[in-house]
Amino acid sequence: MSETAAIELRKFSKWYGRIIAVNDVSVGIDRGVTGLLGPNGAGKTSLLRCMSGQMRPSLGAVRILGQDPWRNPALARDIGLCTDQGWLMDELTPAELIGFDLRLRGVEEGKTRDRAIEALEQFDLGHAVDRRINTLSRGTRQRVKLAQAFAYDPEVLLLDEPLTGIDPVARATTVKRIKERGAAGRCVLVSSHVLHEVESMTEQVLLLHKGRLVAHGNAMEIRDLLDQHPHRIAVECDRPRDLARAMVDLPSVQGFSFPSESVVELHTKQPDECYAAVPARALEANIKIRRLTSPDATLEMLFRYLVGEGS
Amino acid sequence: MATKKRIALVPLPPLAAAWEVTRLELTRVVRGKALRAAVVIAGLLVVAATISCLAGARDSLATFAGSVRSLFPWLAIALSMLFAARVISDDVDAGVIHYWFMLPSPRWAVTVGKYLCSAAVVTGVLVGSTVLLYLGTHIAEPGLVGSHAGDLGRAVLAMLGAGLSYTAVFLFLGAAVADLPYLLPLIHVAVLEVGAGSSPVLEIASIRHHVGVVLGTPAQVAADETVDTVLETLGLVTPEVPLWASLLVMAIVFASGLALGVIVTEFSEYRTGKP
């Protein structure tokens, strides 16, 4: 564990009654952007809530910039939090909400509106400044939360599923802003259950599964593990057996199965090659593909693979 | 990694933060539907009393005093339920509670700020309705407006006391069981305001009784003459309470309700949505 870690967890556990949300996690998180990856229910939100001082650890300790965050308003000015749920007050406008936040943080009353607009414009929300929050789309609301968390430039940013509901163009801006903060020396922890989302922001990841920290390291290594993981690619088409025949000579394909009359599943350890080959072979054999899906290219499957629960 | 220097800001002191919270909450309440509903209900009461007075059923002062004593304590209870009991639970439901508790101000300042907003709205509607009721019931006898001003003053004082104490108690009770914010306030009303408030001697435990004392017309619980004699023989008579004592009771209820509300929110972990 780094001695300069901005966030530090020591034998941290959190439970609700008989449900264990996070179990015995010890880790130090340095400045820069770090991904907190885990399938739904892994304990990411509980971890972030304890880090942000919303909840107490059931056991162990959380330290943010060396301090306990529970009921610590002095530390709250150095922490920015963005969650994918709730948070916004529908009756207000984004400028009012962020302006109020800035006012409490010590910005002069006459300057809060300008600073709020500046923060909103960082996320291309100039059009939403004076609109009531309850009239905004889900993606816009999410960006308002991000603008609020970024507005006062906190030392530690805790972002829980920050890209939820955001359209692709706004995603690019959001990812850029997150990376900028990381490059400026802030500690940014981004939780997600989507690997490629986190990959676009950082190489440093923590993997959480069923409340336990199962890995801590480089995203590329995780990607390699994912690639070694046996994949199934389901192809729904008009002649599944003919498609299997057309692909049988491909070295990347290890086997086939036919879960239904119209679907063939390809078994492979090189999914990228397979994804590239399927349309070409189907075209050659004049087979019409209706749908191409991957039943197990999810983080949940990767975790099951990592902890030895999957095949 | 190069760390870009931040501009250090000094957060507002807790009391100033509480005032900012009150202002923001007032903005939310003014834009919400609950205030409109409260104003309509209070307005209907005023209009009904005015019509009854114009119909000549009773004189101006009797209509005013009777309406304030019999209706307004219940209006105070209803408004406090509406604006104070759900102060914390609404924010828990909407996930906004995490926003409040991420501010660089102590939780108590946030709770006090939210209380001040609820109390301002409740007492504002109560006092406004009282004044309108006074003017409405004197519409047929405008010459008496000045001579009954003392009764108006006592009524305003009673409504201020009722508003401040009920909102403090209901804020605490609503925050204590945020999942069911009306549960404890309803039990409080059933046990203390309806049950005890309608019983000899025990009525002294209800805020409603003390509101009556401040109004100058305590709602003494009366049974028939025989029962009254028996109760008197047994010594079961509601003691007379001076005005200052009732004001003191309401002040104690207000202070303890607010203090308990602050303690509950200070140490609670509010879970919203997913774990």
Side-chain angles (χ1 to χ4, degrees), chain A residues 14 16 19 21 30-32 40-41 43-46 49-50 52-56 70-81 83-92 96-97 99-107 109 132 145 148-149 152-155 158 180-186, chain B residues 1-35 90-110 113-114 263 265-275:
Chain A
K14 179 70 189 174
Y16 308 103
I19 299 168
D30 293 328
R31 288 171 185 272
N40 289 327
K44 304 186 297 292
T45 300
S46 294
R49 284 185 183 167
C50 289
S52 59
Q54 314 276 314
M55 291 178 165
R56 284 169 286 209
W70 168 246
R71 291 177 57 240
N72 188 345
L75 182 61
R77 64 182 151 165
D78 289 324
I79 303 176
L81 177 68
T83 67
D84 66 329
Q85 294 186 330
W87 195 265
L88 297 173
M89 299 174 207
D90 283 347
E91 306 86 356
L92 303 178
E96 286 170 338
L97 182 78
F100 166 76
D101 203 310
L102 291 168
R103 177 81 190 108
L104 255 61
R105 287 169 201 280
V107 175
E109 191 156 15
R132 290 270 179 93
K145 288 187 227 172
Q148 183 270 329
Y152 49 94
D153 192 16
E155 288 285 350
L158 306 171
E180 280 171 3
R181 291 302 161 107
R186 311 289 177 256
Chain B
M1 187 179 300
T3 305
K4 202 174 146 190
K5 204 166 166 58
R6 295 169 68 217
I7 303 160
L9 293 168
V10 182
L12 285 189
L15 285 177
W19 173 239
E20 292 295 331
V21 172
T22 305
R23 284 176 53 189
L24 189 85
E25 285 289 87
L26 280 170
T27 307
R28 292 177 72 194
V29 170
V30 167
R31 291 177 187 171
K33 289 176 186 161
L35 182 61
D90 275 351
D91 284 347
V92 173
D93 285 349
V96 176
I97 198 80
H98 297 308
Y99 171 82
W100 290 116
F101 294 159
M102 276 301 292
L103 294 171
S105 310
R107 286 186 179 196
W108 69 258
V110 172
K114 289 169 87 67
I263 290 168
T265 49
E266 189 74 22
F267 295 98
S268 292
E269 287 183 329
Y270 292 104
R271 282 178 64 193
T272 59
K274 62 188 181 182

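The CZ atom of A:R56 lies 8.5 Å from the CZ atom of B:F267; values are rounded to the nearest 0.5 Å.
Considering all non-hydrogen atoms of both residues, A:M89 and B:L24 come closest at SD-CD2, 3.9 Å. Between A:W70 and B:E269, the shortest heavy-atom contact is CH2-CG, 3.9 Å. Across all their heavy atoms, A:L104 and B:S105 have their closest contact at CD2-OG, 3.6 Å. The two atoms that bring B:P11 and A:R77 nearest to each other are CD-NH1, 3.3 Å, heavy atoms only.
Under a 3.5 Å cut-off, the side chain of B:R107 and the backbone N or O of A:R71 do not form any donor-acceptor pair.
Of the two parts of A:L88, only the backbone, made up of N, CA, C and O, holds a non-hydrogen atom closer than 4.5 Å to a non-hydrogen atom of chain B. Residue A:K145 does not touch chain B at all, counting heavy-atom pairs closer than 4.5 Å. The contact between A:R132 and chain B is made entirely by side chain atoms (from C-beta outward), counting heavy-atom distances below 4.5 Å.
Taking the side chain as every heavy atom from C-beta outward, A:E91 and B:T27 never approach each other to under 4.5 Å. Contact annotation: the side chain of B:R31 approaches that of A:L92 to within less than 4.5 Å [non-hydrogen atoms, C-beta and beyond].
Ring geometry for B:W100 versus A:F100: interplanar angle over 60°, hence perpendicular rather than tilted (30 to 60°).
Under a cut-off of 6.0 angstrom, the local environment of CH2 in B:W108 is crowded, with over 12 non-hydrogen atoms contributed by other residues, nucleotides or ligands.
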